[in-house]
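Accompanying notes for the structure given below.
Numbering of ligands and ligand atoms starts at 1, following listing order.
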Amino acid sequence: MGQREVRIPDVGQASEVEVIEICVKPGDQVSAEEVLIVLESDKASMEVPTPVAGRVNAIAIHLGDQVDEGDLILTLESDETLPESSADPDAQGQPQADAQRVPRSGPDATPLPAQVPALETDVVVSQLAGARGAERGAAKPDRAEPGAGAGREPVPDGQLGSSARAGRAPRTKVYAGPAVRRMARELGVDLGQLQASGAHGRLTKEDVQAYSRRVMQAAPARESTDPEIPEQDFSRFGPIELIPEGRIRQIGAKGLHRSWVQAPHVTQHEEADVTDLENFRQVQNAHRSADGVKLTLLPFIVRACAHVLREQPRINGSLAAGGKQYVCKQYVHIGIAVDTDEGLIVPVVRDADTKGIRQLAEEIANLAERARSRNLKPQEIQGGSFTVSSLGVLGGLGFTPIIHVPQVAILGVARMAWKQQYDGREFLPRRMLPLSLSYDHRAVNGAEAGRFTTRLAAVLADLRELIL
Ligand code: CAO
């Protein structure tokens, strides 16, 4: 029994080939021809088997390594000598698992081509040890079998076969070509989990797609109902008190989690110069009659949003089921995030684009008051096509609100502040209002979001835009 070094064989024209699977671990007993590692070049996956039986000692490579011919794979404790090549098991009448086969070396073998041709096909997994053994002319004469030379023609492109043949040491490996492996890696699918539907137990692209479809279909249901908050014992770190989480907060948490998971969020930031708007608002409030409605910033923001949503209806839409159509809504119903003792509630102002600022102010105040006293009707929290979340009075420079899916965008408003603005001649103090538009990037692209926030800032800067 001696120590044998198994090295990377000739991998054709490829160099710097990636190690994508290591099929053994130290201490494993392997039989001759059992696959040790799988390599992948741009064009092909290649299984590298051990030319001799033995016990794996130390593995010299790692997943993801880029390797070349001659690099050490591992060392084996073996009583056989390297290099070695076995006779073709097919010649012994064993059935062949793959339609294609690797010509093997034998005592009278014509050596295989010096280089294994690069594969163009996406269904072939090649084994290389035989090729290397033959190349060295190191086959053992006493292993020769009649007919072993049957497959000794030069290997045509795309004709390398797997040696996955029945009767060989049982393999726990999966059989899949490079394209299937690539697809699985991109989708994060573990090939070991799949049932193969291809010939001779080979995995197909359809197997990967079907598996990933099943996982995707199962996932949203679980995520929407169970955000899987892990059990933790915080009392290990200090005293705690467990208080019941209200129903509204629980429902809100699941909704936020669902929206966060479903929609790829991007947030676009902008500042609006609301100096003139604020002056106008304060004058209006100063002259209002005793029973008149107080105007806050919010109804102006809602009215400006409704105006720009009419101009840019994409932001007011929704993705249709399956994603092959877009729902363009002929209405502009704007949800207003209201902070209540019970949690966040989002009543909806219907047809906000048709209402004046005073009417909106009155309606928002009324909805907010009824949200806090839990007096909203179910239909008053349904049907929103866009949402405004104003944290301005509470402070903050900006934030990234979570979209109320299936809506595709939400505007976060942070606190207005005095800032120096340059008008081309001098710096002037202006009241600037931070706006943050989170949008579902599946439905809205960055340019659309940028156009929306820029236009919104322009309307807020000059309310005369609303009457044009
Ligand atoms: N910057 C500075 N001041 C602001 C402001 C801003 N962005 N937004 C409003 N204000 C001002 C108002 O104009 C008003 O000023 P005056 O007293 O001078 O008139 C004052 O702050 C109080 O406004 P308000 O908060 O009472 O009323 P509102 O219409 O602006 O907001 C409501 C109503 C219901 C949206 C708000 O009370 C609320 O609940 N906000 C919290 C929303 C929330 O929690 N969002 C986070 C959700 S997570 O995405």
Side-chain angles (χ1 to χ4, degrees), residues 248-249 251-260 263 265 267 269-288 292-305 334-349 352 355 357-376 380-381 384 386-405 407 409-419 429-440 453 456-457 460-461 463:
I248 290 176
R249 277 185 194 268
I251 294 170
K254 285 180 180 166
L256 288 168
H257 183 257
R258 187 172 52 239
S259 292
W260 180 252
H265 282 63
T267 305
H269 301 284
E270 182 57 276
E271 274 186 329
D273 182 339
V274 291
T275 316
D276 295 344
L277 187 163
E278 198 44 22
N279 291 339
F280 176 72
R281 184 184 78 86
Q282 284 174 8
V283 169
Q284 292 300 312
N285 278 338
H287 294 121
R288 68 184 165 142
V293 182
K294 180 189 169 192
L295 299 180
T296 65
L297 259 179
L298 191 57
F300 291 93
I301 296 168
V302 170
R303 186 65 186 82
C305 283
I334 297 187
I336 309 293
V338 177
D339 179 36
T340 78
D341 292 343
E342 306 284 328
L344 197 63
I345 299 181
V346 187
V348 176
V349 178
K355 295 175 177 168
I357 307 274
R358 281 194 191 284
Q359 188 181 355
L360 287 172
E362 197 169 2
E363 206 170 314
I364 292 169
N366 179 282
L367 286 168
E369 193 277 313
R370 286 192 295 119
R372 288 177 175 133
S373 58
R374 308 279 302 276
N375 270 324
L376 289 171
E380 288 177 309
I381 53 170
F386 182 81
T387 298
V388 175
S389 176
S390 172
L391 274 179
V393 71
L394 302 171
L397 300 172
F399 63 107
T400 54
I402 295 180
I403 303 158
H404 206 47
V405 172
Q407 295 168 28
I410 178 171
L411 183 77
V413 184
R415 184 162 58 188
M416 171 181 66
W418 285 106
K419 288 192 179 176
R430 305 293 292 177
R431 285 182 191 271
M432 303 304 290
L433 182 70
L435 307 171
S436 305
L437 183 84
S438 289
Y439 58 94
D440 181 340
T453 50
L456 180 63
L460 287 169
L463 290 175

Give the minimum heavy-atom separation between Leu360 and Pro299, together with the two atoms involved.
CD1-O, 3.8 Å
Please give me the minimum heavy-atom distance between Val338 and Ala371, naming the atom from each residue.
CG1-CB, 4.2 Å
Which is it for Glu278 and ligand 1 at heavy atoms under 4.0 Å: side chain, backbone, both or neither?
neither
With heavy atoms and a 4.0 Å threshold, my read on which part of Val413 contacts ligand 1 is side chain
Could you please spell out the steps behind the side-chain contact (heavy atoms from CB on, under 4.5 Å) verdict for Asp276 and Arg430?
CA-CA 9 Å; Asp276 295 344; Arg430 305 293 292 177; 3.8 Å; yes
Hey, is Gln282 touching ligand 1 through its side chain, its backbone, both or neither, going by heavy atoms under 4.0 Å?
neither
Closest protein heavy atom to atom 36 (C) of ligand 1, given as residue, atom name and distance to 0.1 Å
Arg372 NH2, 3.9 Å
Ala368 neighbourhood, listing ligand 1 atoms whose heavy-atom distance to it stays under 4.0 Å:
34 (C)
Identify, for atom 16 (P) of ligand 1, the protein heavy atom at the shortest distance, and state residue, atom and that distance.
Lys294 NZ, 3.5 Å
Nearest-0.5 Å distance, CD1 of residue Ile301 to OG1 of residue Thr296
8.0 Å
Ranked by distance from atom 40 (N) of ligand 1, the top protein heavy atom is Ser390 O, 3.1 Å
among protein heavy atoms, the one nearest atom 46 (C) of ligand 1 is Ser389 OG, 3.0 Å
Logged contact type for Leu433 with ligand 1, heavy-atom cut-off 4.0 Å, is side chain
min-distance protein heavy atom vs atom 9 (C) of ligand 1 -> Leu297 CB, 4.1 Å
Do me a favour and list the nearest non-hydrogen protein atom to atom 44 (O) of ligand 1 with residue, atom name and distance?
Asp339 CB, 3.5 Å
Report the residue from Glu271, Met432, Arg431 that forms a side-chain contact (heavy atoms from CB on, under 4.5 Å) with Met416.
Arg431
Per the side chain to side chain donor-acceptor pair (under 3.5 Å) rule, which among Glu362, Glu369, Glu363, Arg370 passes with Asn366?
Arg370
Contact partition for Ala365 relative to ligand 1, non-hydrogen atoms under 4.0 Å:
neither
Atom indices of ligand 1, in the order listed, that fall short of 4.0 Å to a heavy atom of Met416:
1 (N), 2 (C), 6 (C), 7 (N)
Heavy atoms only: give me the nearest Leu460-Leu277 pair and the separation to one decimal.
O-CD1, 3.6 Å
Any protein heavy atom < 4.0 Å from atom 26 (O) of ligand 1:
no
Below 3.5 Å, N or O to N or O, backbone or side chain included: is there any such pair between Ala414 and ligand 1?
yes
Output the list of atoms in ligand 1 that are nearer than 4.0 Å to some heavy atom of Arg415, sorted by atom number.
1 (N), 2 (C), 7 (N)
Here's a test for you: under side-chain contact (heavy atoms from CB on, under 4.5 Å), which of Leu391, Val393, Val388 qualifies with Val413?
Val388
Just wondering, more than 12 heavy atoms not from Leu394 lying within 6.0 Å of its CG?
yes
Would Glu380 and Leu367 count as a side-chain contact (heavy atoms from CB on, under 4.5 Å) if you check the C-alpha gap in whole Å, the side-chain angles of each, and the deciding distance to 0.1 Å?
CA-CA 8 Å; Glu380 288 177 309; Leu367 286 168; 4.0 Å; yes
Just to be sure I read this right, does ligand 1 sit under 4.0 Å from the backbone of Ile402, its side chain, both, or neither, counting only heavy atoms?
neither
Could you check which of Met432, Glu369, His404, Arg281 puts a non-hydrogen atom nearest to atom 18 (O) of ligand 1?
Arg281
Output the list of atoms in ligand 1 that are nearer than 4.0 Å to some heavy atom of Ala337, sorted by atom number.
35 (C), 42 (C), 45 (N)
Can you tell which of Leu463, Leu295, Val302 makes a side-chain contact (heavy atoms from CB on, under 4.5 Å) with Ile357?
Leu295
Classify the contact between Thr296 and ligand 1 as side chain, backbone, both or neither, using a heavy-atom distance cut-off of under 4.0 Å.
both
For atom 43 (C) of ligand 1, the protein heavy atom that lies nearest, with its residue and separation
Leu391 CD2, 3.8 Å
Show your reasoning for whether side-chain contact (heavy atoms from CB on, under 4.5 Å) applies to Arg281 and Val274.
CA-CA 10 Å; Arg281 184 184 78 86; Val274 291; over 6 Å; no
Check: Arg372 and Asp341 side chains under 4.5 Å, non-hydrogen atoms:
no
Protein residue, atom and distance nearest to atom 20 (C) of ligand 1, heavy-atom basis
Val393 CG2, 3.9 Å
